[in-house]
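For reference, positions follow the sequence shown, starting with 1.
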Amino acid sequence: MNNSNQQAYDRGTSLYSPDGRIYQVEYAREAVKRGAPVVGVRAADGVVLAARTRSSSPLMVTESIEKLHKVDNHVGAASAGHVADARRLVDYARREAQVNRLRYGEPAGVEGLTKEVTDFIQENTQRGGTRPFGAALLVAGVDTSGPRLFETDPSGTPHEWKAVAIGGESATIREYLEEAYDPEMSVDDGVTLAVEALLEGAKDDDIDAESVSISTVDESGHRTYDTDEIATIIDGIDTGSDDE
């Protein structure tokens, strides 16, 4: 009987279990954990997003796997979890950013834009016939308040961070970030820290420039790093480790 009751609560997003849980939201969080890791670092002069991409076949074009997205000139996003769900959320964020520009004649605030997205996410946790989004986003940008970094949870809750990781190996990566983070670091130092954190989470897996994506947002706007730049950063970290 207990197993039957739990299965009944499993099937609905709008039903609480007797111990106050919504199982479908928890399953959505598990989908995020199965995704490739993504790191966000807030620096003194901007925000860094770095992601590791996993290819299911050596024949797949790695560049076709999108983990980092430009939302607006001053906002970027990184995703972990189900790719299709993440694309839907990114498209929604882009539309809301443009609506804000057209309506108010100014860029959307990073916090306000994040809450628009999380409100949209939350609606799918209380309506019948839908399921929670199996993806989480890191929303990074620079507005009148300075550099900001937010995480969206499948429950529809936004969290602001100084540095954070989502996706696979996120616990290991967060431990590294807690030890190495410096709030006064520059964007360039933040890029190095983000790549170091991805390397720390990879453990024995090989990481090369083609399997890493990096973007930054600062006063100059959104910028995406090319493969050669990423290779130089990884080589510099490897060289530094060898010197020690």
- Any pair with a residue in residues 100-116 that passes side chain to side chain donor-acceptor pair (under 3.5 Å), sequence neighbours left out, goes on the list, sorted by first then second residue, please. D72-R101, E111-K115, E111-R148
- Task: Return yes if some donor-acceptor pair links the side-chain N/O of D119 with the main-chain N/O of Q122 below 3.5 Å, else return no.
- Result: no
- Task: Examine distances only and state if a side-chain atom of D45 and a backbone atom of V187 form a donor-acceptor pair shorter than 3.5 Å.
- Result: yes
- Message: Taking L137's backbone N and O only, do any of them form a donor-acceptor pair with T152's side chain (distance below 3.5 Å, no angle check)?
- Response: yes
- Query: Got a salt bridge between R42 and E160, using NZ or NE/NH1/NH2 to carboxylate O under 4.0 Å?
  - Reply: yes
- When you measure from the side chain of R174 to the backbone N and O of A165, does any donor-acceptor pair fall under 3.5 Å? yes
- Using the six-membered ring wherever Trp is involved, compare the ring planes of F133 and F120 and label them parallel, tilted or perpendicular (cut-offs 30° and 60°). tilted
- Would you find a donor on one side and an acceptor on the other, under 3.5 Å apart, between the side chain of D85 and the backbone of G134? yes
- Query: Which heavy-atom pair separates A50 from L198 by the least distance, and what is that distance?
  - Reply: CB-CD1, 3.9 Å
- Query: About how many Å separate CD1 of I22 and OG1 of T125, when rounded to the nearest 0.5 Å?
  - Reply: 5.5 Å
- Task: Mark yes or no for whether K67, through its side chain, and T53, through its backbone, hold a donor-acceptor pair below 3.5 Å.
- Result: no
- Among pairs that include at least one residue of residues 137-169, which meet ring-ring contact (aromatic ring centres under 6.0 Å, His included), considering only residues two or more places apart or in two chains? none
- Task: Mind running salt bridge (Lys or Arg N to Asp or Glu O under 4.0 Å) on K162 and D182 for me, showing each step along the way?
- Result: CA-CA 9 Å; K162 298 175 182 177; D182 178 4; over 6 Å; no
- Message: Would you say that more than 12 heavy atoms from the other residues, nucleotides or ligands in this model lie under 6.0 Å from the CD of E219, or not?
- Response: no
- Task: Examine distances only and state if a side-chain atom of K33 and a backbone atom of A28 form a donor-acceptor pair shorter than 3.5 Å.
- Result: no
- Item | R223: salt bridge (Lys or Arg N to Asp or Glu O under 4.0 Å) partners, not counting sequence neighbours | E229
- Task: Could you tell me whether D91 and R94 make a salt bridge, using a distance below 4.0 angstrom between a side-chain N and a carboxylate O?
- Result: yes
- Salt-bridge test for R29 and E26: reply yes if a basic N is under 4.0 Å from a carboxylate O, no otherwise. no
- Message: Under the criterion side-chain hydrogen bond (donor to acceptor under 3.5 Å, both in side chains), I'd like the reasoning laid out for D153 against S155: C-alpha separation, chi angles, the key distance, then a yes or no.
- Response: CA-CA 5 Å; D153 182 77; S155 67; 2.6 Å; yes
- Run the side chain to side chain contact (heavy atoms under 4.5 Å, CB included) check on L149 and L49 step by step: do they pass? CA-CA 9 Å; L149 174 64; L49 294 173; 4.3 Å; yes
- Message: Assigning hydrophobic clusters by single linkage (Ile, Leu, Val, Met, Phe, Trp, Tyr; side-chain heavy-atom cutoff under 4.5 Å), is I166 placed with L177?
- Response: no
